[in-house]
Amino acid sequence: MDAPSEELLLQWQREQFLLRERVKEEDTEEWQRHPDFCGLKRVGGVDLSFIKGDDIHACAHLVVLSYPHMQLLHEDFKMVTLKAPYVAGFLGFREAPPLLQTLEKLKNELPDLMPQVLFVDGNGLFHSRECGLACHLGVQADLPCVGVAKNLLHLDGVVKSDEHQSQSSSKPVYVSVGHRISLATAVSLTHRCCLYRVPEPIRQADLRSREYLRSHILAPDVS
DNA sequence: GCGACAG
DNA sequence: ATCTTGTCGC
Ligand SMILES: [Mg+2]
């Protein structure tokens, strides 16, 4: 896949600044006000998995788990063809479109299963232009969203001395606001959804999308 | 100037 | 993101 032209990158930056203005970084839901998040029943997770040497075909996966027990309520996957290459700082333009499609499908076919909050594999406001993948998804789907990155995205003004060092011995994850949730609530909710290092919704979407590809190595994206 | 850079 | 089984450690 070709590297984006300089003009396209500038266009993408303009879009990110516009999206950023639409991000709500406060709690907007009733359940977010309660200490025990009573009222929260469904949490979602999305992820994309790829095959070894193929950068454009991927399996987009969406899972909906019960809260607080993290039981699988729904899952959906779809083979997709990506339209943009991966460029650090512009992940949203590559992964948001196909993931939004799975959310749109769920909204149309099984609206009662729509998650009340979505965990995204990637950053939210913790981004050089405060517009990571979780912000793209949150704003465009108008859904409360939490961004969780497994690795640090180097930012301009941010040095390693910030909040990003963990107390425990395990490798940290980086939580940030995607949309319609406060950072404090996002962090608290993330803790409550973790059975392992990564929040269960994201972990399940990752595991299941990979499992799907493993059993369909000989059935590529044909249509 | 070079390197580093979510997935 | 992906190439990869067993193995060491809490
Ligand atoms: Mg991922």
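Each chain gets a letter, A, B and so on, in the order its sequence line appears, and its residues count up from 1. Both backbone and side-chain heavy atoms feed into the values below; hydrogens, waters and symmetry mates do not.
Nucleic acid contact for G89(A): base, since at least one base atom lies under 4.0 Å from a heavy atom of the residue. Contacts of D121(A) with the nucleic acid, taken as non-hydrogen atoms under 4.0 Å apart, involve only primed sugar atoms and P, OP1 or OP2. Contacts of F93(A) with the nucleic acid, taken as non-hydrogen atoms under 4.0 Å apart, are absent. When heavy atoms are screened at a 4.0 angstrom cut-off, D47(A) is found touching the sugar-phosphate backbone but no base atom.
Of the candidate nucleotides dA4(B), dT2(C), dA6(B), dT2(C) has the atom lying nearest to any side-chain atom of F50(A). The side chain of R210(A) lies closest to dT2(C), out of dG7(B), dA4(B), dT2(C). Minimum atom distance to the side chain of K52(A) is reached by dT2(C), of the listed dT2(C), dA6(B), dG7(B).
Counting heavy atoms from C-beta outward, R197(A) and K171(A) have side chains that approach closer than 4.5 Å.
The backbone N or O of E29(A) lies less than 3.5 Å from no partner atom in the side chain of R180(A), so there is not a single donor-acceptor pair. S66(A) contributes a side-chain N or O that, together with a main-chain N or O of Q71(A), makes up a donor-acceptor pair within less than 3.5 Å. When atom types are taken as modelled, the side chain of D47(A) and the backbone of I202(A) share no donor-acceptor pair closer than 3.5 angstrom.
For Y86(A), a side-chain nitrogen or oxygen approaches OP1 or OP2 of dA6(B) to under 4.0 Å. Between K150(A) and dA6(B) there is no side-chain polar atom (N or O) within less than 4.0 angstrom of OP1 or OP2. For dC5(B), the OP1/OP2 oxygens have no side-chain nitrogen or oxygen of N151(A) closer than 4.0 Å.
In this entry the distance linking CG of L152(A) with C1' of dG7(B) reads 14 Å, nearest Å. Atom CZ in F90(A) sits about 17 Å away from atom P in dC5(B), given to the nearest Å. Whole-Å rounding puts the L48(A) CG to dG7(B) P distance at 13 Å.
Between F37(A) and Y67(A), the ring planes lie perpendicular to each other; the angle is over 60°, past the 30° to 60° tilted range.
Note on R214(A) versus E211(A): salt bridge recorded, some NZ/NE/NH1/NH2 to OD/OE distance being below 4.0 Å.
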Practice task
Start with the C-alpha distance between E25(A) and R20(A), add both sets of side-chain angles, then the distance that settles salt bridge (charged side-chain N to carboxylate O under 4.0 Å, His left out), and finish with yes or no.
Solution key: CA-CA 10 Å; E25(A) 48 188 311; R20(A) 168 60 185 101; 2.9 Å; yes
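For DNA chain C, there is no stem of at least three Watson-Crick or G-U pairs with distances under 3.5 Å.
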